[in-house]
Amino acid sequence: MPVMKKTFPISIAFIFGIGLTSGLLAQSTQDIVIPDYSAYILTPPAPETPRINSAKVFGVRPGSPVMYNIAATGVRPMTFSAKGLPKGLTLDAKTGFIRGTLKTAGTYRITLYASNSKGRNERELRLEVGDKIALTPPMGWNSWNCWGNAVSQEKVLASAKAMVEKGLINYGWSYINIDDGWQGKRGGKYNAIQSNRKFPDMKKLADDIHNMGLKFGIYCGPWVGTYAGHIGCESDNADGTYDWIKEGKHNENYKYVTPEDSLGNKVRKEHYHHGMYSFVNNDVKQWCDWDVDYLKYDWNPNDYYDTKEMYDALKTQKRDIVYSLSNSAPYADAPIWAHFTNCYRTTGDIRDNWKSIYDIGFAGQDKWAAFSAPGHWADADMLVLGIVGWGRNMRYTGLTPDEQYTHMTLWAMLASPLLIGCDMSRLDPFTISLLCNAEVNDINQDPLGVHAFRYYHSSEYATYVKQLEDGSMAVAMFNISSKPMTIGFIPNRFGFRGKLKIRDLWRQKDVAEINPDERFDTNVNPHGVAFMKIYPGNSRERITGKPTSK
């Protein structure tokens, strides 16, 4: 049954003609010329020996299905095994997929192994069974920045296949998320939103994605209609019908349209409002029947009532669904977003230009640091790499290679969710090198979950630092000017002591060994970045005798 909301809907009434028009179709990406950026590739090829790249910590609620992959690079065939795997979980030795359920809360420490003809690798996994999920930022793909409202089951499934075939799954990329555009009318056993004709079988789509070892995400919002013009989780009618659908103001996929669309006039959005009746519980039950793993919940302004309503509905189910709030979360309510959601968008929609990257990344994220931590991530929006275009103006990203390095590095440092938004079927070698650098991804996925601190910032450059779980530190030096610069640091200014190594994370090699009072400098291109790690960190052994420094 629907729930009558305590608040009244906002009326945005107007009179206009009734008509039926088709929505815009996405351009083909096949004719888009992808620039040859091979000369800019810094990430070395993965070695033939095994390297485990999956998260070192994973959270699941008691009784919820466990879906964890041992993501690993190296030549195949590869065999996977584990020591300390708790009863209730099974490991497929060929795929590395860990599945099952755990009913008892607690911490389980597991050693994962990957072996092939070239060697063996191991990695520790801390499995936390409790109230928190999303203990590292989600990594995956979202349909919006490429396909927009023209998304379809075929395009989503092709993106999932590409994530496997192009090897991203071996680096921990896991979510395949449908954005706006899948919704039809209400119906089914819960009177929940059903899919439109572009998505003929949502349960089969979810099963196909899960069988590949990936996870499945969906989109909705608490208005009567969504941004792209499909029905949302609320209605003005108790039976879950929508007046604009009854009146025929929609296309064949139940997208809201009027004759004004074809005339090029601005369409007034009568469905951008909260309804009298909530169908949140109905919809959540349907998503769980479809085995959904991720929800993007989108409206503006975000508010306490609707955020908590969805949180409460998701908590009633025996399925872990990552709850991602969108968009432009008001900073005044930051403690609310950090408590009730797993990810919350701190900004409006990103675009593939330097101004957008700068405004979102450098000017808009610092204030969220106190509210970003394992289980609750400040989301700087999706990655604008590869072919994007939002379904209408398809193109290769407008970011230069250096700007793309800055984009990926800053999002990794900020512990932002990493959601690719491009046409996965046409991933080029340069874009793959950005997404498949195991050491860069490890910074984003570090179990400590620290949101980077801007240690220095001027009109020309910015230096960000991020403490890591093992005591080392990631340092990103960004040149935000239009001219080449030399940027550096002195380790003891960060509190280091003893002999230290400096590692270039993009090139995956040590570039210096210095004393803590020595300065390390490097050249950085305009709008580019130098991404380093200082290690091994300060000794954690007991100190005896006279201190070596003040």
- Message: Is the ring pair Trp223/Tyr227 parallel, tilted or perpendicular, if the boundaries are 30 and 60 degrees?
- Response: tilted
- Parallel, tilted or perpendicular: rings of His527 and Trp354 (30°, 60°): parallel
- Message: So if I apply the side chain to side chain donor-acceptor pair (under 3.5 Å) rule between Gln194 and each of Arg186, Gln286, Gln183, Lys185, which one comes out positive?
- Response: Gln286
- Item | Side chain Asp293, main chain Asp320, donor-acceptor under 3.5 Å | no
- Item | Candidates Phe430, Tyr40, Trp411 - the one meeting ring pair (Phe, Tyr, Trp, His ring centres under 6.0 Å) with Tyr405 |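 When Phe430, Tyr40, Trp411 are each tested with Tyr405, the ring pair (Phe, Tyr, Trp, His ring centres under 6.0 Å) holds only for Phe430.
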- Shortest non-hydrogen separation from Thr226 to Ile231 and the atoms involved: CG2-O, 3.8 Å
- Task: Can you see which heavy atom on Ile32 is nearest to which on Arg426, and at what distance?
- Result: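 Closest approach of Ile32 to Arg426: O-NH1, 3.0 Å.
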Is the shortest side-chain heavy-atom distance between [X] and [Y] below 4.5 Å?
X: Cys146; Y: Val388; answer: no
X: Leu127; Y: Leu89; answer: yes
X: Leu168; Y: Cys436; answer: yes
X: Val284; Y: Tyr190; answer: no

- Query: Can a salt bridge be assigned to the pair Asp207 and Lys203 using a cut-off of 4.0 Å between side-chain N and carboxylate O?
  - Reply: yes
- Give me the one residue out of Arg503, Lys466, Arg123, Lys533 that meets salt bridge (charged side-chain N to carboxylate O under 4.0 Å, His left out) with Asp442. Arg123
- Message: Here's one to test your reading of the geometry: is the NZ or CZ of Arg351 within 45 degrees of the ring axis of Trp390 and under 6.0 Å from its centre?
- Response: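 Ring-cation test returns yes.
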So, [X] versus [Y]: side-chain donor-acceptor pair below 3.5 Å or not?
X: Gln445; Y: Thr136; result: yes
X: Asp298; Y: Asn327; result: yes
X: Asn53; Y: Arg51; result: yes
X: Asp402; Y: Thr400; result: no
X: Tyr37; Y: Asp428; result: no
X: Gln508; Y: Asn437; result: yes

- Message: So if I apply the side-chain contact (heavy atoms from CB on, under 4.5 Å) rule between Arg507 and each of Val511, Asp510, Leu505, Asp504, which one comes out positive?
- Response: Asp504
- Item | ring-ring contact (aromatic ring centres under 6.0 Å, His included) assessment of Tyr344 paired with Trp368 | CA-CA 10 Å; Tyr344 50 94; Trp368 297 97; 5.5 Å; yes
- Nearest 0.5 Å please: distance from the CD1 atom of Ile420 over to the CG atom of Leu427. 6.5 Å
